[in-house]
Amino acid sequence: MSVPSSRRPGGPVQVAGRIISVRRVGAYQHLTILAPGVAETARPGQFVALAVGGERTGMLLRRSFSIHKVTPTGVYGGTVDVVVADAGRGTHWLTTRGVGEPVDVVGPLGRAFPLPKTPEACVLVGGGYGTAPLFWLADVLRERGCRVDIILGAASEDRLFGVLEARRSSTTSTVTTDDGSAGTKGRVTNVLGEVIDRADASVVYACGPMAMLRAVTDVATAHGAVAQVAVEESMACGIGICMTCVMPVEGPDGQTRMLRSCVEGPVFRGDTVRWESWQDGIGRVPDDCVGAAAMRSH
Amino acid sequence: MSVPSSRRPGGPVQVAGRIISVRRVGAYQHLTILAPGVAETARPGQFVALAVGGERTGMLLRRSFSIHKVTPTGVYGGTVDVVVADAGRGTHWLTTRGVGEPVDVVGPLGRAFPLPKTPEACVLVGGGYGTAPLFWLADVLRERGCRVDIILGAASEDRLFGVLEARRSSTTSTVTTDDGSAGTKGRVTNVLGEVIDRADASVVYACGPMAMLRAVTDVATAHGAVAQVAVEESMACGIGICMTCVMPVEGPDGQTRMLRSCVEGPVFRGDTVRWESWQDGIGRVPDDCVGAAAMRSH
Amino acid sequence: MTLDVATVDMTARIGSLTLPNPLMTASGCAAAGRELHQFFDVGELGAVVTKSVMTAPRSGRDTPRMAETDSGMLNSIGLQGPGIDAFVEKDLAWLREVGARAVVSIAGSSVQEFRDLAARLADEPGVAAIEVNISCPNVANRGLVFACEPTSAASVVAAVRAVLPPTIPLLAKLSPDVTDIVEIAAACVSAGADGLTMINTLLGISIDVDRMRPRLAGLTGGLSGPAVRPVAVRCIWQVQAAMLAGRLPTVPIVGVGGVRTGLDALELVLAGACAVQVGTVAFHDPSAPLRVRDELAKAVQERGFSSFMDAVGHAHRVLATAEGTR
Amino acid sequence: MTLDVATVDMTARIGSLTLPNPLMTASGCAAAGRELHQFFDVGELGAVVTKSVMTAPRSGRDTPRMAETDSGMLNSIGLQGPGIDAFVEKDLAWLREVGARAVVSIAGSSVQEFRDLAARLADEPGVAAIEVNISCPNVANRGLVFACEPTSAASVVAAVRAVLPPTIPLLAKLSPDVTDIVEIAAACVSAGADGLTMINTLLGISIDVDRMRPRLAGLTGGLSGPAVRPVAVRCIWQVQAAMLAGRLPTVPIVGVGGVRTGLDALELVLAGACAVQVGTVAFHDPSAPLRVRDELAKAVQERGFSSFMDAVGHAHRVLATAEGTR
Ligand SMILES: Cc1cc2nc3c(=O)[nH]c(=O)nc-3n(C[C@H](O)[C@H](O)[C@H](O)COP(=O)(O)OP(=O)(O)OC[C@H]3O[C@@H](n4cnc5c(N)ncnc54)[C@H](O)[C@@H]3O)c2cc1C
Ligand SMILES: Cc1cc2nc3c(=O)[nH]c(=O)nc-3n(C[C@H](O)[C@H](O)[C@H](O)COP(=O)(O)OP(=O)(O)OC[C@H]3O[C@@H](n4cnc5c(N)ncnc54)[C@H](O)[C@@H]3O)c2cc1C
Ligand SMILES: Cc1cc2nc3c(=O)[nH]c(=O)nc-3n(C[C@H](O)[C@H](O)[C@H](O)COP(=O)(O)O)c2cc1C
Ligand SMILES: Cc1cc2nc3c(=O)[nH]c(=O)nc-3n(C[C@H](O)[C@H](O)[C@H](O)COP(=O)(O)O)c2cc1C
Ligand code: FES
Ligand code: FES
C-alpha cells in the first residue's frame, strides 16, 4: 500500500481507511483506523473527517473527530485513533462498526495546538471526549521539557475519558464530574485556578464544549495564563471551502473576523474568541465584525 | 419470538428478518432469511419485498424477489430463501450482506401459480434467476401427482440456477444457454415445443425476462398448453398502493385493463397479457385499454 | 422521559372537522386504504386520503412510471383510477364499512369537472373532507397546471366550495413548483378553502444513462420522499408565517412531504401543520402511517405539550421569543 | 468495454470559451480553489467557479449555517467574502498563477452593483467567464430575488453584458424556485446571456425538534446535493427542449445540482448541459470534481461517442427517434 501524501507538505490527504480495532471505553467507542498518509504528518489538536453511512447513504456530510493518537509506522501503514460519542445518526453508525470495515478518512485537518518554544508549565483541560487529544499533546509537551498537569471533567463517570492515561502523562491529574460520581463534584473551572497557580503554568490547553472553553479562558486569563482552546463548530466540509464553521475571532489588528474553525482553527487563543456572541445555540455576527455592515443591506 | 400474522388470512406481514445463511451459486447469491410469519402462508410464485441499504440509506424503495423456498418450522421460526443477482445498487447491497445481518421483509406478496385441480403434465421454464421459484412449484405439483418437466435457460453457464435441483425435481430436465457454455445452445423456446409434446403437457409455468415469457406463451399456445407466467415489473411498493407496476392484461370480459402486477400478478395467464405493448423498454397503454380514452384529454 | 405509550391528547382539528389524531395517508400513496388494512386498521388513522379520482375511469400513463432517486422517487402514474362512480360504490363504501374517515381527493382537467365531482360527493355519507388536487393540467388554459396560477387555483376552489355543504371542509392541495406559494395559498383561501394541504410533488426528471433516455415513459415525474422534506417544511412555514402576519386569513394547514418518522412529522407540525400525511414512505414501510402516529404522540408528550394542538406552529413562537429577547 | 483511462476528446465549448474538459467546481463549494489544490491540481479542471463575490467584504450570516438533510444539506452562508478588491488581488491572482481557468461568480443587491463588479473584472487577466448569481434579493424591489422575476433577471444580465468585452462569456445562473424556468431563461438570453447555469439551490427549512426552532440561524437555507438532482435535470431538460423547439435562442447550458459520480454528470449532459459543476459533493469527497471528470470521460467513451460534445443533449435525440418510430 503506497502512502498517499498531500500536494501541500503536511497538508491533508483523503484515504480509504479500515478499522483495525474497536474498544468500548465508558460511554465512548475508541476506534483505531488504518489510514496511511494521515498519521505521518499529524500533530496534536488536529482532526480527521470521516465519511459515515456507507455506500448510497443519505448522510452526505463527513463527521469530524479530534485525533486521539497516531502510530505512523504500523505493519500496514500509519493508524489514527479517535474516540467517538454516540451523539446522533452519523456517530451512531460509526460506533456500531466492526473490525475490518472500511472508513473513508480525510486528514489531518486544522491547526494543531501551538507548542511553547521554551519549557513551560502547561495545564491541559478536557471535557468529556474533549480529553481525547490531550494525552498525545501531553507527551509532546513533556518531550520538550514542559511540566504537564491535567484536569478531566465530565457530566458523570462514564463520560470521562482517559483517567488512567492522564495519570501516566502528567505531574498531577484532577478529575471533576458534575454529579460527583467520580473525583471532585463540579466543573473543571472550579479547580483550574488552583492547578494553574500550583504549577505556575503559563499555558492552558483545553478541548471540550463551547461553554467550558469560555469559562476556561476566563479562569486562565485571571490567573495569568494563555488559553489555547480547540473548538467544535458544525462543519460541512472540514477543509475550508464551505464557510459553515465560522466564528468571530479578534485578529492581531484588533479587528474581529468570522474565521473558519476548520482551517484557521480548531485551536484558537481563548482570549481572541468573541465568546459573548453565542446565545441559545445561535452564534451572532458581532456588529463590529469585518463585513457585518454589508450584511445590513440584505 | 412471536410469529406476526397478517390482518388478512394468508396476507402479507412486515417482519424484522435476519440473514442466517449466504451461499454463492454461480453468478447469484442465495440467502436464507429468518422471517417468521412469511414462510407459514407462502405459496410458489409469490415474492418478498426486502428493504435495502440499512438505516439512513438514500435507497427508499424495497426490492422484490421470488421466494425460492420456505421452511415454515425452523428452530427460530420460519425462513425464506431468495436467489439474488447483483443487478444494481440495491441488489449489490444485498449480495454483500453477511450472516447475522438484519433485513426487513414484507411478504408473502402477490398471487401464486394456480395449481391444476387434477394431475396434469406440466412444463416449468425458467430464465436466469427466474428458475428460483420453480423447484418448490415442482415439488408441490408432484405431490399432486403431476408429471413435471423442467427447462432452464440462461445467457451463460454461470447464470443458470438450480441445474441439479431441476434434475431431482423433474421427469426430464433440459438446459439451454445463449452462448452454448452449457446444455443446448439457444433459447428455452427452441426446445419448449418438443418438451410439451413429449410430455403431452397442458400447462407451462414460466418465470424470467419479459421477452422470454412472451415467447414461451406463443410456443405453449401453439402446442395446446396454457402458459402461466410470473412477470417482473418495476415496483415501488409491492403491495398494491402505488400503481407503478401495472401492465395491460385482458380480462374474461375481453376488456384490457392496466393491472397491478404486484397484487393481481405477478402470475398471469400468458395469453391474457398484451405482449405487443412493450417496445424498447416502454410499456404502452393499448388504445383499447379501459380508461385509455380519458388519457387523451390530458 | 421515555414513554412506551403516550397519553397526550392527540385530537386534531381541521376547521369543523375533528379527528382522533393528526395522521393521514397521502393521496396516491394508499390507494383507498384496502391494501394497508392488511397491515393495520386504517380506522385508527386520523383519516385515509384516497387517490385523486376523476370522472371517468383512467388507464394511467405508459410504464415505467417510477424511478428511484437519492432519498426520493419520481412517479408518473397519470391518475390511474376507476372513475368517480366506481370509486363511490366500491372504495368509499368500503372505507365507511371499516369505520375509516375518508378525505376524498378529486382531480379535474376543467373547473367544471372539479365541480361535478364535488357535487357527486356532496351527499355521500362518509366523506370527512374533500381535498382538491389542483396539480393537474388545465385543459382550458394551454394545459397549465391549476396550482401554478392564482386565478386558476381560486376558480377551482370557488366552484367546489359552492356545491359542497358547509359541513364538509375543503382542502386545497398546493404545488411547491411556484415562485410564490403564499400568493397561491391566499388565492385559495379567499376563494373559500377551509384548509391547505402542502406539498404535492416537485417536478423532476431522471435519465437512464444506459438507454440514454428519460427513465419515465411519461418523461417528467413528481419527486417525493425524504429528499423534499426541507421544501415541504419551508412551504408550510412561509404560509403559516404569512397567516400570523395577517397577510391571509388563518386556516388549518395539512403537512405532507418526506415524513418517515414521528420526529419528521413533528418538524411539519412545529412549522404549522395541524395534520400530517405519510406518502412515499408507506411504500417502504406499510405500517408507517400508524407508526408515525405513535412516534409523534410520544414526541409531543416528551416535549411537555398538554395536547397535540399546542405543538402546532410552536416553532414560530419559539423564534419570536428568541428574537424578542435578543 | 471497460477502460482505465479514457482517450475520448473531452473538450467542452461554452460559446467562445473552449475548455479542456467540462468539469467545474460550483460557486460557493470550492472557495477560490486554494484548499482543493491540496487534493488535486485545480488547473486540471475545465474551470474553477469562485464563490460569489460582492463589492464590500461581508461577514456572512449568523451560525449555524448548515443542516444536513436526507441526501442533501441546507446552507445559509450569506455570501461571506472578502469583497471584490481583495478577491482580485489575492484569489484571482492565485488562480492565474497556478494556471487555472477562473469563472468568476458575482452577486449584487442592485443592478448597479452587478454592473460595477463586472466593470471591475472586465480588464482583469485570467477571467475565463463571468457567472452572475441572480439568486440574491433585489433591494430595490422589496428584496425579491432577481432570479424569480424575468425583468429583474434580464436587467442584471443586460447591465453586466454591456460592460464586459465580447471575449468574456456571461453565464446567468438560474434559480429552480420559479413557476416557469423557461420564461426566466428566455429573458436572460434576450438580455444577452451567453449561457445559462442551472440550478442554484432550492429554498428549504429544517427544524430542530429538540430546540423546537429552525436549525439555521438565518431560518431558510438553500437545499443542495443529490436530493435535488432530479430537479436540476428537469430544469436543464425543459430549457434545452425549449431551445430545440425554437422558443428561445440556443445558448450553452452549464449543469449543476447533486452530481456525485460521472454517471450523475452524464445525466445532466444527456439532458443538455455542455459543462457540469460539482458542488456539495466536494464537501464529502474533496477530489470529486476531478474524479467525476475521469468517470464522465470513461462513460462517454464507453457509449461510443467520438467526443464529449456529441453527448450533449443526446437524450432529446433518442427520445425524438423513439417517438418518431412509434
Ligand atoms: C473539530 C471537531 C472535533 C471533534 N472531535 C470529536 C471527538 O473527538 N469525539 C466525538 O465524539 N465528537 C467529536 N466532535 C463532534 C462530532 O463531530 C459530532 O458529534 C458529530 O458530527 C455528530 O454527528 P451525528 O451524525 O452523530 O449527529 P447529527 O446531529 O445527526 O449530525 C448532523 C450534522 O450536524 C453536525 N454536527 C452535529 N453535532 C455536531 C457537533 N457537536 N460538532 C460538530 N458538528 C456537529 C454533523 O457533523 C452533521 O453534519 C468533534 C467536532 C469537531 C468540529
Ligand atoms: C416479482 C419480482 C420478482 C423478482 N425476483 C427476483 C429474484 O428472484 N432474483 C433477482 O435477482 N431479482 C428478482 N427480481 C428483480 C429484482 O427486484 C431487481 O433486480 C432489483 O429490484 C434491482 O434493484 P437494484 O437496486 O439492484 O437496481 P436499481 O436499478 O438500482 O434499482 C432501481 C429501482 O428500480 C427497480 N428495478 C430495477 N430493476 C428491476 C427489475 N428487473 N425488476 C423490478 N424492479 C426493478 C428497483 O426495485 C429499484 O426500485 C424480481 C422482481 C420482481 C418484480
Ligand atoms: C406514486 C404517487 C402517487 C401520487 N398520487 C397523487 C394523487 O393522486 N393526488 C395527489 O394529490 N397527490 C399524489 N401524490 C403526492 C403525494 O400525495 C404527496 O403529496 C407527495 O408524494 C409528498 O409526500 P411524500 O414525500 O410523503 O410522498 C402521489 C405521490 C406518489 C409518490
Ligand atoms: C455551502 C454552499 C454555498 C453556496 N454558495 C453559492 C454562491 O456563493 N453562489 C452561487 O451561485 N451558488 C452557491 N451555491 C450553490 C451551488 O453553487 C450549486 O448551485 C448548488 O449547491 C447545487 O449544486 P450541488 O447540489 O452540486 O451542490 C452554494 C451551495 C452551497 C452548498
Ligand atoms: S467546515 Fe467548511 S469551511 Fe470549515
Ligand atoms: S408496486 Fe405499487 S401497486 Fe404494484
Side-chain angles (χ1 to χ4, degrees), chain C residues 67 69-74 144-145 148-149 175-180 202-214 219-221 223 225-238 258 260 262-264 266-271 299 303 311 314-319 321-322, chain D residues 67 69-74 144-145 148-149 175-180 202-214 219-221 223 225-238 258 260 262-264 266-271 299 303 311 314-319 321-322:
Chain C
T69 65
D70 290 84
S71 296
M73 68 173 279
L74 291 171
L144 214 85
V145 172
C148 287
E149 221 264 308
S175 163
D177 287 328
V178 295
T179 308
D180 181 2
L202 279 75
L203 199 65
I205 294 183
S206 175
I207 293 181
D208 181 328
V209 289
D210 292 321
R211 295 167 58 228
M212 297 203 281
R213 50 154 291 152
L219 178 54
T220 59
L223 182 63
V228 310
R229 193 169 63 252
V231 176
V233 174
R234 185 263 297 175
C235 291
I236 296 167
W237 183 284
Q238 285 182 323
R260 170 152 43 192
L263 293 180
D264 296 344
L266 184 59
E267 264 200 78
L268 275 59
V269 169
L270 293 170
R303 280 158 186 76
H314 187 68
H316 293 266
R317 293 187 286 274
V318 172
L319 197 63
T321 313
Chain D
T69 64
D70 290 85
S71 295
M73 68 173 280
L74 291 171
L144 214 85
V145 172
C148 286
E149 221 264 309
S175 163
D177 287 329
V178 295
T179 309
D180 181 1
L202 279 75
L203 198 66
I205 294 183
S206 175
I207 293 181
D208 182 328
V209 289
D210 293 321
R211 296 165 59 227
M212 297 203 281
R213 50 153 290 152
L219 177 54
T220 58
L223 182 64
V228 310
R229 194 170 61 252
V231 176
V233 174
R234 185 263 299 173
C235 290
I236 296 166
W237 182 284
Q238 285 182 324
R260 171 154 39 194
L263 293 181
D264 295 345
L266 184 59
E267 266 201 76
L268 274 59
V269 169
L270 293 170
R303 280 159 186 76
H314 187 68
H316 293 266
R317 294 188 285 274
V318 173
L319 198 62
T321 314

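The sequence lines fix the lettering, A, B, ..., with proteins before strands; numbering per chain opens at 1.
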Region of D/Leu268 in contact with chain C, defined by heavy-atom distances below 4.5 Å: neither
In the structure I gave you, are the side-chain heavy atoms of C/Arg229 and D/Asp70 within less than 4.5 Å of one another anywhere? yes
Side-chain contact test, heavy atoms from C-beta onward, threshold under 4.5 Å: evaluate it for D/Gln238 versus C/Leu203 and give yes or no. yes
Less than 4.5 Å apart, side chain to side chain, heavy atoms only: is that true for D/Arg234 and C/Leu223? no
Contact between C/Glu267 and D/Val209 at the side-chain level, heavy atoms closer than 4.5 Å - yes or no? yes
Can you tell me how far CG of C/Leu266 sits from CE of D/Met212, rounded to the nearest 0.5 angstrom? 7.5 Å
Of the listed residues (D/Asp177, D/Thr220, D/Val231, D/Thr69), which shares the most heavy-atom pairs with chain C below a 4.5 Å separation? D/Asp177
Taking every non-hydrogen pair under 4.5 Å, which of D/Ala311, D/Ala315, D/Gly72 racks up the most with chain C? D/Ala315
Which atoms of C/Ile236 come close to chain D, meaning under 4.5 Å heavy atom to heavy atom: side chain ones, backbone ones, both, or neither? neither
Identify the residue among C/Leu270, C/Leu319, C/Val318 that makes a side-chain contact (heavy atoms from CB on, under 4.5 Å) with D/Pro214. C/Leu319
Is D/Arg211 close to chain C through its backbone or its side chain, or both, or neither, when contacts mean heavy atoms under 4.5 Å? backbone
Checking D/Leu202 against chain C: side chain, backbone, both or neither under 4.5 Å from a heavy atom? side chain
C/Arg303 and D/Asp210, any side-chain heavy atoms less than 4.5 Å apart: yes
Sort D/Ser206 into side chain, backbone, both or neither according to what part of it lies under 4.5 angstrom from a heavy atom of chain C. both
If you tally heavy-atom pairs under 4.5 Å between each of C/Leu219, C/Val269, C/Leu74, C/Leu144 and chain D, the highest tally belongs to C/Leu219
